[in-house]
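The structure under discussion appears below in the form of structure tokens.
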Amino acid sequence: MLVTVYLAIIFLLALCVGLEITARRLTPPQPAPTAVANPAFQRFQTLFLRAYLLALWADWLQGPYLYKLYRHYSFLESQIAILYVCGLASCVLFAPFAGWLPQALGRRQTCLLFCVAYSACCLTKLSRDYFVLIVGRVLGGLSTSLLSTIFEAWYVHRHVDVHDFPKEWIPSTFTKAATWNHMLAVGAGLVANLLAEWLHLGPVAPFVLAVPCLGACGWLVLTDWGREEAEGGLKEHKQTPLLGPSNATPARTSARARFWRSCQEGLRCLLSDRRVMLLGGVQALFESVLYIFVFLWTPVLDPHGPPLGLVFSCLMAASMAGSLLYRLATSTRYCLQPGHLLCLAVLMAFFSLFMLTFSTAPGQPRPNESLLAFLLLELACGLYFPAVSFLQGRVIPEEKRAGVLAWFRLPLHLLACLGLLALHGEVSGTGGGEEGSGTRHMFGGCAVMMLAALLAVVSLFTLGRNDTDLKLEGDRGEGE
């Protein structure tokens, strides 16, 4: 299996380089956008990306060895499942607060809260106490909810409301962040593997490394972002500082009212537009399967001795290849629609899960086939995320998007929690298919969920067959 992993990482990295070169050749030359020539915007973009990419790097470092760490502490798979459920449940509970906290505390202060909470989450991994680890998972759920919203919220607010840069420049920043994010994910697997296995520091080492990275991120937020706010004469944060002045209560009340209004408008939009409802169903089904996959990939492969950090890098490289394929497919050369690619992504994911129901059969596991199926699933993810992001931008009004996406995430996390709880009740072996059938049954259930997502995608595009909102226009080849 070791040789398979090394060959896979070499092939996937070469594929990514080849796809990137091809995509650049097929992209027609365009005049440099005004944003590139604007030194004030470039300084502001760099200021944001330095802190944001450090936060993403710290997050990715924790991916490869989380399950392995719990096994290293001699916990049973059913106990580990409960730890994962605690993390997902805390995401559900803290999701509303992730939208309310920036309005109550201020965006920059909430970014600092993220750094502190995630650092504490990493430090709990040094303990073997089960209750301490549960607290760590709860802190991790809070941190994940904040990471997915607060940094982007700070950037968009400063970009539009303070600097008054054109909104059309915002995608250039997040496209650059997405590109770096893929590379950071691949690199995090390699660094985690170096620390945990090649240097024999154990599975806790990547979590320890994440702490100074989060500290550096917090320092940039505290100093550079603070200087940026001071120079920009930010007014909102003067009214709602971290410790809160005497008039903080009305501000909090107003923030709470705005949050609940956003939720109500999001629910109204979700129920009034069938396209939004179907798209939410696709997201809930597809991404809940991904959460279950995050739990299962390690116990399926680890008994066969592969370097988990390198496996993680392979998975992230496959996802990068998928996003590059999306970029290539929606270019002016091929002109495929995001809806077609979303359907293809869901179909590929269904096929990979179907493969896993056979490769994890009790008594006759086939780890190489399982690895191939996992890579196919990650390739599907690379196609799925830009496609669904494009469609969300088209069918959900911008002013209601935050509320609608909050409602999307609720069934997503609940489905993942139910799946892990079902595995907790059924598991009887190592999870690798050698002694019990719990893992195989779980992959079968995930395949059924993905089939339901495929039916929702077909229904969506049957409903909007002639809907121009669901299609690319002219030479808009990226959809991101």
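The structure displayed is predicted, hence computed values, not measured ones. This chain uses plain numbering: 1 for the first residue, then up along the sequence.
Below 30°, between 30° and 60°, or above 60°: for Phe174 and Phe48 the angle between ring planes is above 60°, a perpendicular geometry. Using bins of under 30°, 30° to 60° and over 60° for the plane-to-plane angle, the ring pair Phe443/Phe374 lands in the tilted bin. Between Tyr70 and Phe75, the ring-plane angle classifies as perpendicular under the 30° and 60° cut-offs.
Between Tyr65 and Pro206 the shortest heavy-atom distance is CD1-CG, 4.1 Å. Between Trp297 and Gly63, the shortest heavy-atom distance links the atoms CZ2-O, 4.4 Å. In plain terms, the two heavy atoms of Ala153 and Arg107 that are nearest each other are O-CD, 3.7 Å. In plain terms, the two heavy atoms of Phe286 and Ala349 that are nearest each other are CE1-CB, 3.8 Å. When all heavy atoms of Ala317 and Cys16 are compared, the pair lying nearest together is O-SG, 3.4 Å. Across all their heavy atoms, Pro64 and Gly309 have their closest contact at CB-CA, 4.1 Å.
Residues Trp60 and Asn181 form a side-chain contact, since some pair of their non-hydrogen atoms from C-beta on lies under 4.5 Å apart. Within the 4.5 Å cutoff, no side-chain heavy atoms of Val138 are placed close to those of Leu93.
Side-chain atoms of Gln364 do not come within 3.5 Å of backbone N or O of Ala361 as any donor-acceptor pair. Judged by distance alone, the side chain of Ser389 and the main-chain N or O of Phe385 form no donor-acceptor pair under 3.5 Å. The backbone N or O of Gln79 lies less than 3.5 Å from a partner atom in the side chain of Tyr130, making a donor-acceptor pair.
Between the side chains of Tyr384 and Glu287, at least one donor N or O lies within less than 3.5 Å of an accepting N or O.
Here the two rings, on Phe151 and Phe114, have centers that are under 6.0 Å apart.
The side-chain contact (heavy atoms from CB on, under 4.5 Å) test with Leu460 singles out one residue from Val282, Val276, Leu279, and that residue is Leu279.
With sequence neighbours left out, Gln62 forms a side-chain hydrogen bond (donor to acceptor under 3.5 Å, both in side chains) with no residue at all. The salt bridge (charged side-chain N to carboxylate O under 4.0 Å, His left out) search around Asp302 returns Lys68, not counting sequence neighbours. The salt bridge (charged side-chain N to carboxylate O under 4.0 Å, His left out) test applied to Glu369 returns no partner, not counting sequence neighbours.
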